[in-house]
Amino acid sequence: MTPTIVRNFFNKRATRMYPVETREMYSDVRGELYIDIKECNLCSLCARACPAQCITVDREKMTWECDPFECVYCGVCSDVCSRNCLNQHDKYRAPATEKFRMHEQGEIKKKPKKEAGKASPPPAS
Ligand code: SF4
Ligand code: SF4
């Protein structure tokens, strides 16, 4: 054990003094999640696909929530997002001293009304 201790005194540190010293990010790193709530239609695809079950979509209250402390940065939610409004930054979330939830108030987008007198044709029999 003594040789290991002595060796460690002279070797370069294997760890960093995070968050003072941060590592340069890899290209295409999957970092902190962000949402453009104006584009979201609260379809819940992201919530159903999330393996960590940290996204909650409430269509009655029209809210979208995520617990970033449960997120494992897998990127599945942004891959399945039907409106391409859920994405990831190329950096990780900053350390926090208190837990919080991402909370967004959205709205369900209405489909455009069909023009009067233009009924869709009956299905072919
Ligand atoms: S990145 Fe993965 S774990 Fe995080 S919210 Fe999206 S699907 Fe869930
Ligand atoms: S973020 Fe995308 S997948 Fe999730 S509810 Fe909104 S539109 Fe649907």
Side-chain angles (χ1 to χ4, degrees):
M1 188 166 173
T2 308
T4 306
I5 293 170
V6 172
R7 203 167 46 242
N8 283 343
F9 272 118
F10 296 101
N11 280 353
K12 193 175 168 231
R13 271 189 330 217
T15 55
R16 289 179 183 78
M17 291 289 285
Y18 184 83
V20 178
E21 197 183 323
T22 53
R23 177 180 204 149
E24 196 177 315
M25 287 294 153
Y26 301 107
S27 61
D28 299 329
V29 70
R30 290 188 296 225
E32 190 176 8
L33 213 59
Y34 66 96
I35 182 170
D36 180 359
I37 195 66
K38 290 192 291 303
E39 291 299 320
C40 172
N41 65 356
L42 303 168
C43 68
S44 298
L45 281 178
C46 54
R48 274 182 266 151
C50 174
Q53 299 182 341
C54 60
I55 299 179
T56 310
V57 178
D58 188 326
R59 286 175 66 88
E60 274 185 25
K61 293 181 186 159
M62 296 197 214
T63 55
W64 182 96
E65 286 193 354
C66 177
D67 182 346
F69 296 87
E70 296 285 329
C71 174
V72 295
Y73 301 101
C74 65
V76 170
C77 56
S78 55
D79 284 349
V80 300
C81 177
S82 58
R83 297 181 63 95
N84 202 25
C85 59
L86 191 56
N87 287 293
Q88 288 175 279
H89 288 295
D90 59 359
K91 61 178 171 38
Y92 296 123
R93 178 175 54 75
T97 53
E98 285 181 13
K99 284 200 168 187
F100 62 88
R101 285 176 73 82
M102 295 168 70
H103 174 92
E104 300 286 346
Q105 186 68 49
E107 61 177 26
I108 295 168
K109 314 283 181 289
K110 293 193 176 99
K111 285 183 184 166
K113 285 183 184 166
K114 287 180 186 162
E115 286 178 43
K118 280 198 173 180
S120 49
S125 54

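Counting begins at 1 with the first residue of the sequence. In listed order, ligands and their atoms are each counted from 1.
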Close-contact set for ligand 2 against [X] heavy atoms, below 4.0 Å:
X     : value
Ile35 : 1 (S)
Ser44 : 5 (S), 8 (Fe)
Asn41 : 7 (S), 8 (Fe)
Cys85 : 1 (S), 2 (Fe), 7 (S)
Cys81 : 1 (S), 2 (Fe), 3 (S), 7 (S)

| Sphere of radius 2.8 Å around atom 6 (Fe) of ligand 1 - protein N, O or S atoms inside |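 Cys77 SG, with waters left out.
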
| Can Leu45 be reached from Ile55 by stepping across I, L, V, M, F, W or Y side chains whose heavy atoms are under 4.5 Å apart? |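 In one cluster with Ile55: Leu45, no.
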
| Cluster check Ile35, Ile108: I/L/V/M/F/W/Y, side chain < 4.5 angstrom |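 In one cluster: yes.
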
| request: Give me the other members of the hydrophobic cluster that Phe10 sits in, counting Ile, Leu, Val, Met, Phe, Trp and Tyr linked by side-chain heavy atoms under 4.5 Å, directly or via other members. | output: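 Grouped by the 4.5 Å side-chain rule, Met1, Ile5, Val6, Phe9 form the rest of the cluster around Phe10.
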
| task | Mark yes or no for whether Arg101, through its side chain, and Glu65, through its backbone, hold a donor-acceptor pair below 3.5 Å. | result |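 Such a contact is absent between Arg101 side chain and Glu65 backbone.
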
| Which residues pass the ring pair (Phe, Tyr, Trp, His ring centres under 6.0 Å) test with Tyr18, sequence neighbours left out? |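 Testing Tyr18 for ring pair (Phe, Tyr, Trp, His ring centres under 6.0 Å), a comparison that skips the adjacent residues, returns none.
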
| Distance from atom 8 (Fe) of ligand 2 to nearest protein heavy atom, with residue and atom |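 Heavy-atom neighbour on the protein nearest atom 8 (Fe) of ligand 2: Cys43 SG, 2.2 Å.
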
| For atom 6 (Fe) of ligand 2, what's the nearest protein heavy atom and its distance? |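 Among all protein heavy atoms, the one nearest atom 6 (Fe) of ligand 2 is Cys40 SG, 2.3 Å.
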
| message | At less than 4.0 angstrom from any non-hydrogen atom of Pro51, what atoms of ligand 1 do you find? | response |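 Those qualifying, in numeric order: 7 (S).
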
| request: Count the heavy atoms of every other residue, nucleotide or ligand shown that sit under 6.0 Å from CG of Asp28, and state whether that count exceeds 12. | output: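 No, the 6.0 Å shell around CG holds no more than 12 heavy atoms from other groups.
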
| Heavy-atom count around Gln53 CD within 6.0 Å, excluding the residue itself: above 12? |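 Atom CD in Gln53 is not crowded, with 12 or fewer foreign heavy atoms closer than 6.0 Å.
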
Only distances under 3.5 Å count here; give the side-chain donor-acceptor pairs of residues 74-96 to other protein atoms, sequence neighbours excluded, each with its distance to 0.1 Å.
{"from": "Ser78", "atom 1": "OG", "to": "Gly75", "atom 2": "O", "distance (Å)": "3.0"}
{"from": "Arg83", "atom 1": "NE", "to": "Glu39", "atom 2": "O", "distance (Å)": "2.3"}
{"from": "Gln88", "atom 1": "NE2", "to": "Gly31", "atom 2": "O", "distance (Å)": "3.1"}

| field | Heavy-atom pair of closest approach, residues Trp64 and Val57 | value |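 Distance-wise, the nearest heavy atoms are CD1-CG2, 3.6 Å.
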
| request: Of all the heavy-atom pairs spanning Phe69 and Phe100, show the shortest one and how long it is. | output: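 So the two residues come closest at CE1-N, 3.3 Å.
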
